[in-house]
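Side chains included, hydrogens not; waters and symmetry mates left out as well; all remaining heavy atoms used. All ligand and atom numbering here is 1-based and tracks the order in the structure.
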Amino acid sequence: MAVNEPLPGTSDLWEPEVSDWLLLENKAREVFPRYGYSELRTPIFERTEVFVRNLGSETDVVQKEMYTFQDRGGRSLTLRPEGTAGVMRAIANRGLDQGEEARVFYFGPMFRGERPAAGRRRQFHQVGVEAVGADSPWMDAECIAMLTHFIEELGIRGGKVMLNTRGLPEDRDAVSAALKEYFLPHVGGLCEDCQRRLDSNVWRMLDCKNPACHEVALEAPKILDLLCDTSRDFFARVCQGLRDLGVDFELAPRLVRGLDYYVHTVFEITHSGLGAQDALAGGGRYRISLPGDKRTLEGIGFAAGMERLLLARESLGLKTEAGAQTDTYLISLGENAILAGLKLAGELRTKKLGGRVKADFSARSMKAQMRTANREGASVVLIQGDDEIAKGVVTCRNMKTSEQATVSLAELAAWLTKHA
Ligand code: AMP
């Protein structure tokens with residue numbers, strides 16, 4: 001690997017890509033507040049236990065994927081692999097009264113030591129929401145509808161909502177027992193992970209990507225059929241809410257999602273433009289015990305991969321094309337002119353004239369400076385040399401029409417308004 005390349009699974013972002021990222025961020029800031037969510041920013045690293053406690057020690061993320069290190073005081077710290085745990089810690093730290101709700105959204109980088117592949121990165125970005133203290137099924141319906149609204153506002157058509165339920169914690173033993181009974185006779189033919197999961201996390205055997213495991217999982221008992229009436233009723237309301245809101249969805253009986261804290265609703269949105277890693281977003285309802293607080297809080301949330309949202313947009317031809325970097329380019333010929341160019345550029349910016357203004361301080365030839373102006377896509381070039389400075393004028397050139405004029409400094413604003 002060349003010394004200046006970013007590490008595998010990470011990347012540098014330049015324009016015009018940055019414009020696409022801003023579009024995502026701005027859309028999140030536009031859509032989520034309309035549903036009563038406000039932005040929260042939490043640190044990028046936390047005490048390791050914040051993640052282990054929330055995600056469960058048996059999950060892939062905790063077992064294999066966390067970037068964990070010791071600080072100088074010997075504390076174990078971890079770069080956040082997802083957003084929910086930090087958000088919950090922040091809410092616990094602030095305090096949430098009985099019956100009170102917190103609805104927040106966030107976006108930013110997440111870190112997982114996965115094998116890099118298309119759509120799978122080590123530093124990736126998520127935009128997500130959490131509604132904590134909300135235990136109504138209608139909240140789940142609204143949250144999923146908000147996600148589809150966000151995705152549609154990004155111009156992404158063709159996303160599919162996949163929906164399932166994990167029921168209540170009280171259902172867990174019965175479901176686990178039924179799944180174990182089903183998988184036990186097949187275990188010899190399954191992958192190593194699934195052989196281990198039979199005892200440690202049998203639910204995850206339902207969504208293993210290994211073809212042999214998948215084949216066996218297809219005939220496994222359906223979670224929904226094994227749940228108590230309360231859980232089934234909750235799920236029925238979520239489905240009802242989605243139908244009432246006009247959100248199309250498909251039942252996905254083998255969708256369990258990776259993390260232990262989920263109860264009731266789990267969902268993913270997939271998109272065919274993404275290839276093998278086809279999940280745009282995932283989420284669900286969870287119960288989390290807040291650190292330092294005896295209560296268990298219930299919430300609903302999701303996270304969407306920002307790289308994947310952009311890939312989906314790209315698959316639909318919505319990627320931003322490279323455009324001009326500069327609107328007004330100031331060419332200065334000679335030492336006096338360079339200083340005049342510096343001042344003129346400053347004045348234009350203060351007066352908000354000429355858009356993105358760049359002054360050339362290189363003292364190169366007119367031809368060389370003009371070449372740079374062209375390469376940067378400048379629509380207007382302003383030229384000053386000793387002659388212009390002596391007369392108090394600027395030579396102005398409209399790069400699109402090749403129109404050229406000598407304009408006094410007093411008239412420059414009017415010329416720029418017309419041409420830049
Ligand atoms: P998760 O927290 O694993 O449920 O992931 C939520 C969403 O984040 C997924 O649906 C993906 O869109 C995205 N995502 C998760 N892991 C990665 C990764 N390693 N690289 C890129 N995107 C990811």
Task: Side-chain donor-acceptor pair present, E15, S19, cut-off under 3.5 Å - done: yes

Open item on the list: Does E30 have more than 12 heavy atoms from other residues, nucleotides or ligands lying within 6.0 Å of its CD?
Closed with: yes

TODO: Flag A304 as yes when one of its N or O atoms lies below 3.5 Å from any N or O atom of ligand 1, and as no otherwise.
DONE: no

Task: Contact atoms of ligand 1, heavy-atom distance to A281 under 4.0 Å - done: 10 (O)

Open item on the list: If only side-chain N and O atoms count, and only distance matters, is there a donor-acceptor pair under 3.5 Å linking R397 with Q404?
Closed with: yes

TODO: Return the option from R112, R122, R115, E307 holding the heavy atom at the smallest distance from atom 16 (N) of ligand 1.
DONE: R112

TODO: Please examine the side chains of R115 and P8, heavy atoms only from C-beta on, and report whether any two atoms are closer than 4.5 Å.
DONE: no

- [ ] Check whether more than 12 heavy atoms from other residues, nucleotides or ligands sit under 6.0 Å from atom CD of E219, and answer yes or no.
- [x] no

- [ ] State the atoms of ligand 1, each with its element, that fall below the 4.0 Å cut-off from a heavy-atom position in E114.
- [x] 16 (N), 18 (C), 19 (N)

- [ ] Using a strict cut-off of 4.0 Å, indicate which atoms of ligand 1 neighbour a heavy atom of G119.
- [x] 20 (N), 21 (C), 22 (N)

Open item on the list: Any donor-acceptor pair under 3.5 Å linking the side-chain atoms of R166 with those of Y262?
Closed with: no

Task: Atom indices of ligand 1, in the order listed, that fall short of 4.0 Å to a heavy atom of R257 - done: 4 (O)

- [ ] Kindly state whether the ring of H264 and the ring of Y286 have centres lying under 6.0 angstrom apart.
- [x] no

- [ ] Return the residue, atom name and 0.1 Å-rounded distance of the protein heavy atom closest to atom 20 (N) of ligand 1.
- [x] R121 N, 2.8 Å

Task: Nearest non-hydrogen protein atom, atom 5 (O) of ligand 1 - done: Q126 NE2, 3.3 Å

- [ ] Would you mind running through ligand 1 and noting each atom that sits below 4.0 Å from a heavy atom of G305?
- [x] 7 (C), 8 (O), 12 (O), 13 (C)

- [ ] Give the numbers and elements of all ligand 1 atoms closer than 4.0 Å to a heavy atom of A303.
- [x] 6 (C), 7 (C)

TODO: Compute the shortest N/O to N/O distance between F124 and ligand 1 and return yes if it is under 3.5 Å, no if not.
DONE: no

- [ ] From the options K160, R257, R254, select the one residue that forms a salt bridge (Lys or Arg N to Asp or Glu O under 4.0 Å) with E268.
- [x] R257

Open item on the list: If I apply the N/O under 3.5 Å rule, does R120 come out as touching ligand 1?
Closed with: no

